[in-house]
Number of protein chains: 2
Amino acid sequence: MTATLKDIARLAGVSTATVSKIVNGKDHDIGEKTIEKVKSIIQEQDYRPNSLARSMKTKVTKTIGLIIPDVRNPFFTDLARGAEDSANERGYSLLFCNSDDDLKKEMEYINTLTEKQVDGIALAGSVKRNREIEEKFQVRVPIVTLDRDAYFKGIKGRVLIDNFNGAYDAVKYLIGLGHRRILFLSGRLDIRVSEERLAGYRKALEDSGIGFDGDLVAEGNFNFNFGYDYIMSGSLDGTVTAIFCGNDLIALGAVKALKKLKKKVPEDISIIGFDDIYLASINTPELTTVRQPSYDLGYIAVGRLIDILEGIEHKQNMVEIKLELVVRESTGSLDVTV
Amino acid sequence: MTATLKDIARLAGVSTATVSKIVNGKDHDIGEKTIEKVKSIIQEQDYRPNSLARSMKTKVTKTIGLIIPDVRNPFFTDLARGAEDSANERGYSLLFCNSDDDLKKEMEYINTLTEKQVDGIALAGSVKRNREIEEKFQVRVPIVTLDRDAYFKGIKGRVLIDNFNGAYDAVKYLIGLGHRRILFLSGRLDIRVSEERLAGYRKALEDSGIGFDGDLVAEGNFNFNFGYDYIMSGSLDGTVTAIFCGNDLIALGAVKALKKLKKKVPEDISIIGFDDIYLASINTPELTTVRQPSYDLGYIAVGRLIDILEGIEHKQNMVEIKLELVVRESTGSLDVTV
DNA sequence: TTGTACGCGTTATCAG
DNA sequence: CTGATAACGCGTACAA
């Protein structure tokens with residue numbers, strides 16, 4: 001049987017109150033000798049406090065939940081690591097949940113986490129939301145959302161990514177290289193992230209006097225196959241000289257298909273991705289892409305959440321993270337290639 | 001204030017015992033009407049049991065810890081997902097810890113997890129172990145180790161990967177293609193995993209009457225740069241026609257460097273990786289590799305752990321997972337290329 | 001069929 | 001400086 005506070009108290013011939021104070025470093029009003037004695041018994045018995053009991057009293061578990069769609073999505077693996085580092089540094093543990101982009105599963109996790117009395121939740125929500133259901137759903141735990149939206153009550157903060165400007169910069173860059181016919185291979189367009197990127201794409205075109213052409217936008221999924229299949233299916237308009245992709249996976253798929261069709265990147269077609277996942281710099285050619293600071297996103301969001309839990313004030317409950325264009329090998333000037 | 005068991009009891013005009021039974025489905029000896037009434041009040045008050053209090057009584061938290069070196073290592077991201085799925089399916093939550101291959105951090109996590117009263121721990125240990133320190137370290141929680149060894153007390157099960165045969169099969173395959181001079185670009189050789197792969201490599205060579213040549217083994221780290229730098233530095237023996245790599249990252253690095261040097265894969269040199277990470281099949285050429293079922297590893301290990309916790313018996317406390325060679329584009333017959 | 005009362009391991013308040 | 005003692009929210013003998 002493992003020793004409890006009470007055991008230590010008995011063994012030391014003092015009260016549990018005294019031991020508790022010593023364990024928690026509130027021993028300023030305790031005698032030297034008592035402290036000595038109790039500490040040695042704690043050592044000897046290898047006493048470990050029971051967090052459960054402590055949490056029952058203090059109402060604080062020093063545990064937070066992290067809900068993401070799927071760690072295997074490279075964007076979320078970095079995010080998860082950032083979240084864990086942030087939590088760990090501040091003395092919190094992280095309960096790890098994969099929702100598979102399923103709102104139902106997400107809500108079940110929120111329930112479990114609530115029952116386990118987490119202090120807060122960092123939520124990268126499923127893409128498809130349902131305002132009505134969510135607003136009805138009782139959430140008693142502070143939530144900070146990451147990147148994606150949610151309509152739950154109890155959302156105390158949001159950490160967003162400036163997708164609009166990220167896309168804008170990428171497309172502007174392409175235009176600066178001389179490209180005029182720029183295809184946008186987007187992920188699902190019914191989610192905010194895609195909408196924002198589309199808006200950035202459009203604005204960049206319009207600001208440059210090129211004008212928006214709806215035929216140059218194709219919608220698909222955020223995966224390798226979409227990029228690959230789109231190109232292989234021959235849907236590619238012959239006038240297109242550059243492709244802006246909804247993420248790196250799509251871009252990688254497109255590059256691969258282009259290679260198969262003996263088209264050269266960037267000589268024949270320039271490609272730009274989004275995310276800067278690990279593969280992006282390993283691929284040949286190395287991918288030009290809009291870098292998402294996903295580690296930072298996780299780190300910052302959990303940091304924010306803990307700030308809220310600990311009553312640290314911020315002027316804004318929303319923080320927006322800027323994106324950075326990383327120029328590598330998959331983009332080239334049009335003039336040179338003509 | 002959120003409603004407690006006691007509140008429900010008061011509101012329903014019954015005792016807490018009654019409510020408790022109903023909440024836990026042990027209502028076989030409770031009157032129909034009482035059940036109805038209590039349930040409706042539970043609904044109305046949106047009552048949620050407090051897991052902490054429950055766990056204090058039952059001594060069970062339905063929570064387990066997962067300790068891995070780093071989720072960002074592709075091998076562990078899949079493993080983590082498998083572990084979480086397994087836990088979730090069986091009603092457990094997962095506390096997520098990244099040890100950065102640091103034994104000290106690993107032990108701190110074990111302590112925290114113990115204080116939080118996890119029911120068990122799934123541990124993919126740091127590579128460098130210290131038998132003396134570990135054996136002295138008191139662990140009160142059941143542990144199942146994944147792939148890597150550990151000397152802690154309290155290890156109740158092991159899930160291993162059959163690295164020896166994985167390597168053996170890969171090298172045999174290369175030999176079957178006509179290769180005789182096969183370089184092994186290994187990760188750190190002071191860990192069991194590498195030792196086993198080296199042993200498999202050696203055995204395959206010897207079984208084929210080729211004999212082992214120590215000059216054809218190079219030690220480095222398990223990352224992209226090792227493969228890349230090794231090739232770029234000109235260390236490659238001109239007689240080598242195939243390379244067996246300690247993991248896919250090394251292989252990808254080698255492929256990239258070879259391309260840069262205008263060598264063709266597989267025409268000039270065949271390459272085989274280890275792991276089958278996502279990039280392996282996206283890369284051009286697609287990588288031939290030994291597939292590690294890392295998702296399964298996590299899934300099985302956590303399943304085993306829970307079996308142990310719930311008293312489900314197994315004949316063996318150790319399970320070994322077989323590996324499978326996935327042949328793709330980075331390997332070719334020597335005859336054809338000559 | 002239902003209720004009483006105690007214990008789980010802590011922390012915190014308030015006397016002494 | 002130190003010690004009783006009452007919570008915290010729940011489960012479970014045992015009693016009624």
Side-chain angles (χ1 to χ4, degrees), chain A residues 1-39 41-42 45-63 112 114-119 140-141, chain B residues 1-39 41-42 45-63 111-119 140-141:
Chain A
M1 211 33 209
T2 122
T4 72
L5 230 204
K6 208 185 283 177
D7 296 330
I8 305 298
R10 188 168 35 73
L11 258 26
V14 301
S15 81
T16 60
T18 307
V19 180
S20 172
K21 283 177 192 163
I22 294 174
V23 168
N24 296 303
K26 306 190 175 174
D27 49 6
H28 42 105
D29 59 353
I30 309 244
E32 279 285 334
K33 296 160 89 172
T34 317
I35 295 183
E36 289 281 305
K37 182 167 184 185
V38 170
K39 283 201 170 165
I41 296 190
I42 285 178
Q45 296 292 319
D46 191 24
Y47 164 74
R48 311 285 184 85
N50 180 326
S51 293
L52 260 43
R54 174 178 290 162
S55 295
M56 279 208 67
K57 276 306 286 186
T58 61
K59 302 291 182 195
V60 166
T61 54
K62 290 276 183 184
T63 302
T112 310
T114 309
E115 292 188 5
K116 297 219 163 159
Q117 312 296 124
V118 295
D119 297 336
R140 318 140 118 77
V141 175
Chain B
M1 210 34 208
T2 121
T4 73
L5 232 204
K6 208 187 282 177
D7 296 331
I8 304 298
R10 189 169 34 73
L11 259 26
V14 301
S15 79
T16 60
T18 307
V19 180
S20 173
K21 284 178 191 162
I22 294 173
V23 168
N24 296 303
K26 307 192 174 174
D27 49 6
H28 41 115
D29 60 354
I30 309 250
E32 277 288 332
K33 295 160 90 174
T34 317
I35 295 183
E36 289 280 305
K37 183 167 185 185
V38 171
K39 282 199 169 164
I41 295 191
I42 286 179
Q45 296 292 318
D46 192 24
Y47 164 73
R48 311 284 183 88
N50 179 326
S51 291
L52 294 176
R54 174 178 286 162
S55 294
M56 281 208 64
K57 280 302 289 185
T58 61
K59 302 290 183 197
V60 165
T61 54
K62 290 279 183 180
T63 302
N111 279 335
T112 311
L113 293 172
T114 310
E115 291 187 5
K116 296 216 165 160
Q117 314 295 121
V118 294
D119 297 336
R140 317 140 117 80
V141 175

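A note on names: the letters A, B, ... follow the listed sequences, proteins ahead of strands, and every chain is numbered from 1.
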* To do: Nearest whole angstrom, please: distance from the C1' of D:dC8 to the CD of A:Gln117.
  => 11 Å
* Asked: From C:dT10, C:dG3, D:dG11, pick the nucleotide closest to the side chain of B:Thr18?
  -> C:dG3
* Using whole Å, report how far CG of B:Leu5 lies from P of C:dT4. => 15 Å
* Which atom pair, heavy atoms only, marks the closest approach of A:Ile8 to A:Val38? -> CG2-CG1, 4.3 Å
* Asked: If you round to the nearest 0.5 Å, how far is CG of B:Leu5 from OH of B:Tyr47?
  -> 3.5 Å
* Asked: What's the spacing between B:Thr2 OG1 and A:Arg140 CZ if we round to 0.5 Å?
  -> 4.5 Å
* Among C:dT1, D:dG9, C:dC8, which nucleotide sits nearest the side chain of B:Asp29? -> C:dT1
* To do: Starting from P on D:dG9, measure out to CD on B:Gln45 and report it in whole angstrom.
  => 15 Å
* Which value, rounded to the nearest 0.5 Å, describes the distance between B:Lys62 atom NZ and A:Glu115 atom CD? -> 12.5 Å
* Structure fact -> Interatomic distance, OG1@B:Thr18 vs CD1@B:Ile30, rounded to 0.5 Å, equals 5.0 Å
* To do: Rounded to the nearest angstrom, tell me the gap between atom NE2 in A:His28 and atom C1' in D:dC1.
  => 11 Å
* **Qualifying salt bridge (Lys or Arg N to Asp or Glu O under 4.0 Å) pairs, either residue in residues 18-29 of chain B, two or more places apart** => none
Write out a two-atom table: protein N or O, nucleotide N or O from nucleotides 4-7 of chain D, distance below 3.5 Å.
unit_1	atom_1	unit_2	atom_2	d
D:dA7	N3	A:Lys57	NZ	2.8

* To do: Take the protein atom CG of A:Leu52 and the nucleotide atom P of C:dT11, then report the distance between them rounded to whole Å.
  => 12 Å
* To do: Mind calculating the distance between CD1 (B:Ile22) and C1' (D:dG11) to the nearest angstrom?
  => 14 Å
* Heavy-atom check, side chain of A:Ile22 versus side chain of A:Lys39, under 4.5 Å -> yes
* OP1 or OP2 of D:dG9 sitting under 4.0 Å from any side-chain N/O of B:Thr4? -> no
* **Residue pair A:Ala9 / A:Val19: nearest heavy atoms and the distance that separates them** => CA-CG2, 3.7 Å
* Asked: Looking across every strand, which nucleic acid part, if any, lies under 4.0 Å from A:Lys33 by heavy atom: base, sugar-phosphate, or nothing?
  -> nothing
* Asked: When the distance from NZ of B:Lys116 to P of C:dT10 is rounded to whole Å, what number comes out?
  -> 15 Å
* A:Lys116 side chain to B:Thr63 side chain, donor-acceptor N/O pair below 3.5 angstrom -> yes
* Structure fact -> On DNA chain C, more 5' by nearest nucleotide between B:Met56 and B:Ile35 is B:Ile35
* Asked: Taking only side-chain nitrogens and oxygens of A:Asn50, does any of them come within less than 4.0 Å of OP1 or OP2 of C:dC8?
  -> no
* Touch check for A:Ile30, heavy atoms < 4.0 angstrom, all strands: base, sugar-phosphate only, or nothing? -> sugar-phosphate
* **Under 3.5 Å: donor-acceptor pair, side chain of A:Thr58, backbone of A:Arg54** => yes
* Gap between atoms NZ and C1', on B:Lys6 and C:dT4 respectively (whole Å) -> 13 Å
* End-to-end bend of the helix from C:dT1-D:dA16 to C:dG16-D:dC1 (five-pair axes, 10° rounding)? -> 50°
* Asked: Hey, does the side chain of A:Lys59 come within less than 4.0 Å of C:dT11's phosphate (OP1/OP2), counting only N and O?
  -> no
